[in-house]
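Chain identifiers are assigned alphabetically (A, B, ...) following the order of the sequence lines, protein sequences preceding nucleic acid strands; residue numbering begins at 1 within each chain.
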2 protein chains.
Amino acid sequence: MVKYQGPELDRTFAALADPTRRALLMQLESGEGRSVSELARPFAISLPAVMKHLDVLSDAGLVSRIKTGRTVTCRIEAGPMEEAMQWLVRYQKFWEASLDRLAALVEESGE
Amino acid sequence: MVKYQGPELDRTFAALADPTRRALLMQLESGEGRSVSELARPFAISLPAVMKHLDVLSDAGLVSRIKTGRTVTCRIEAGPMEEAMQWLVRYQKFWEASLDRLAALVEESGE
DNA sequence: GCATAACTTAACTTCATGGTTAAGTATCAA
DNA sequence: TTGATACTTAACCATGAAGTTAAGTTATGC
């Protein structure tokens, strides 16, 4: 019973492929919500450009937005990252020589 | 001393965002090398199209190619995936409530 | 040496992405 | 009620990504 996770993984990895979007997620790392303009402030690009990045992130399910009055609060939604990580874990054996305990433990518990 | 890992992560995540490329990597999962045409066979797309995907994968450092005579043997290089995974790990706390052993084990061994 | 197999390169098409500016819609504050 | 704040939408542009077909190289095998 394997979930059909193709398109979701596509969107997740694609969303994470952009440095601006990763920076946006990093701003949300504290777990506290932030407004769109607050998120946009550190960047040199226009507000609409940031909005598009937020669209990509929420299409990928990585960010949720709630409007309260005129401000929109963004929050991180890490669920899709879990799938991405599980995809990567399958290849861990290939770098585990240079890796620490993590690989060993996963391997150990895997079977 | 944090490595400047932006562009590498860009390329890694971008390479993983395509289902054809993920399928190519999955074919290399056994660890044994495979020729280009062997890799291309399962796909409905043309050989040059597959070649371009292999270019993206090797630009991202995820695949190495060695030419022997007229055949090119491809092998998986998982190094860059480790960085990607380490990036994702920072967000693990956001989904760990709903996660299985993996999270628990990583957490346990992590500190 | 000649045909075929295994790639590679080139030229082209189409569509998505990431950016812009300009104008539009709410909402809040005075 | 008017003006500023906070976001949204629209229209546009340049670039790059993913595919195609066609032609070009370079080995092998007979």
Check the phosphate of C/dT20 against A/Ser46, side-chain N and O only, distance under 4.0 Å to OP1 or OP2. Yes or no?
yes
Round to a whole Å and report the spacing from CG of A/Asp10 to C1' of D/dA18.
13 Å
Please tell me whether B/Val56 and B/Val63 are part of a single hydrophobic cluster in this structure, the criterion being side-chain heavy atoms less than 4.5 Å apart.
no
Ion pair B/Lys52/B/Asp59, N-O distance below 4.0 Å:
no
Whole Å only: how far is the CG atom of A/Asp18 from the C1' atom of C/dA16?
13 Å
Rounded distance (Å) that lies between atom C1' of D/dA18 and atom CG of B/Leu57
14 Å
Parallel, tilted or perpendicular: which describes the rings of B/Tyr91 and B/Trp87, with under 30° parallel and over 60° perpendicular?
tilted
DNA chain C: 5'-proximal contact among A/Thr68 and A/His53 (nearest heavy atom):
A/His53
Take atom CG of A/Leu39 and atom C1' of D/dC7, then tell me their distance rounded to the nearest Å.
13 Å
For A/Leu39, is there any backbone N or O sitting under 3.5 Å from a side-chain donor or acceptor partner on A/Gln27?
yes
Nucleotide N/O of nucleotides 7-14 of chain C paired with protein N/O under 3.5 Å:
unit_1 : atom_1 : unit_2  : atom_2 : d
C/dC7  : OP1    : B/Val72 : N      : 2.6
C/dC7  : OP2    : B/Ser37 : N      : 3.0
C/dC7  : OP2    : B/Ser37 : OG     : 2.4

Look at A/Asp55 together with A/Arg65 and state whether they make a salt bridge at an N to O cut-off of under 4.0 Å.
yes
Which atoms form the tightest heavy-atom contact between B/Glu77 and B/Ser64, and what is the distance?
OE2-OG, 3.0 Å
Separation of atom CD1 in B/Ile45 from atom C1' in D/dA17, rounded to whole Å:
13 Å
Distance check needed: D/dC7 P versus A/Phe43 CZ, whole Å only.
15 Å
